[in-house]
Amino acid sequence: KQEVTQIPAALSVPEGENLVLNCSFTDSAIYNLQWFRQDPGKGLTSLLLIQSSQREQTSGRLNASLDKSSGRSTLYIAASQPGDSATYLCAGTNQAGTALIFGKGTTLSVSS
Amino acid sequence: DTGVSQNPRHKITKRGQNVTFRCDPISEHNRLYWYRQTLGQGPEFLTYFQNEAQLEKSRLLSDRFSAERPKGSFSTLEIQRTEQGDSAMYLCASSLSLSEAFFGQGTRLTVV
């Protein structure tokens with residue numbers, strides 16, 4: 001059974017810091033890897049998708065990488081801002097593409 | 001708004017009552033997923049549709065839960081004889097084949 005671990009569970013940083021969120025899978029046989037943001041009481045907002053043939057994706061201050069051989073992904077946030085405060089979730093698509101398997105998330109707090 | 005739409009946003013029901021939630025996916029998306037999320041946890045997969053066919057169901061989906069996607073368009077998730085343990089956020093997502101998944105804002109269910 002695929003399990004996803006996200007480290008750290010929570011992170012507090014001052015504004016302007018660069019930070020890295022980690023995600024690992026027990027079964028490296030994932031198809032796609034997607035990072036989401038979730039604000040309290042809200043749905044999920046897609047941030048980045050790394051498709052099966054890719055190893056990295058960038059969007060603005062966000063960069064996500066995927067190492068399928070080790071089953072690990074990282075989300076890098078540059079120059080963090082208070083508006084980045086949210087829970088960040090990673091999810092892998094199983095090979096059949098029938099489900100996204102999620103971690104519990106990393107709750108980020110950026111203080112001004 | 002061309003995103004994933006879920007209704008209602010909030011539902012309070014008495015234990016033992018039946019409830020039904022609706023999800024309208026992005027119009028051209030052939031894949032639709034239902035998830036359940038409780039506080040502090042990542043979303044848990046419930047079921048997956050490809051067009052109108054329900055192709056995968058989680059063991060979490062007890063016989064009190066049923067989902068449909070008639071004509072491969074909108075989907076409904078019904079919970080019969082609700083229990084307090086059913087209280088959660090129910091999330092719907094859609095995607096075009098194995099591409100990026102987009103989530104709705106969720107339906108928050110409270111069983112009293």
A quick test of your reading: do over 12 heavy atoms of other residues, nucleotides or ligands sit less than 6.0 Å from CZ of A/R61?
yes

Measure A/L100 against the heavy atoms of chain B and call it side chain, backbone, both or neither at under 4.5 Å.
both

Would one find more than 12 heavy atoms of other residues, nucleotides or ligands at under 6.0 Å from atom NZ of B/K57?
no

Portion of A/T93 that has a non-hydrogen atom of chain B nearer than 4.5 angstrom:
side chain

Can you say whether the rings of A/F36 and A/F102 are parallel (under 30°), tilted (30 to 60°) or perpendicular (over 60°)?
tilted

Based on non-hydrogen pairs under 4.5 Å, which of B/Q50, B/E56, B/R9 is most in contact with chain A?
B/E56

Name the option with the most non-hydrogen atom pairs under 4.5 Å to chain B; the candidates are A/S52, A/A96, A/A99, A/A91.
A/A99

Would one find more than 12 heavy atoms of other residues, nucleotides or ligands at under 6.0 Å from atom CD1 of B/I12?
no

For B/R15, does the CZ atom sit with more than 12 other heavy atoms under 6.0 Å from it, leaving out its own atoms?
no

Sort A/Q6 into side chain, backbone, both or neither according to what part of it lies under 4.5 angstrom from a heavy atom of chain B.
neither

Taking side chain as everything from C-beta outward and backbone as N, CA, C, O, which of these in B/F49 sits under 4.5 Å from a heavy atom of chain A? Side chain, backbone, both or neither.
neither

Side chain from CB out, backbone as N, CA, C, O: work out which of these in B/L55 comes under 4.5 Å of a heavy atom of chain A, or both, or neither.
neither

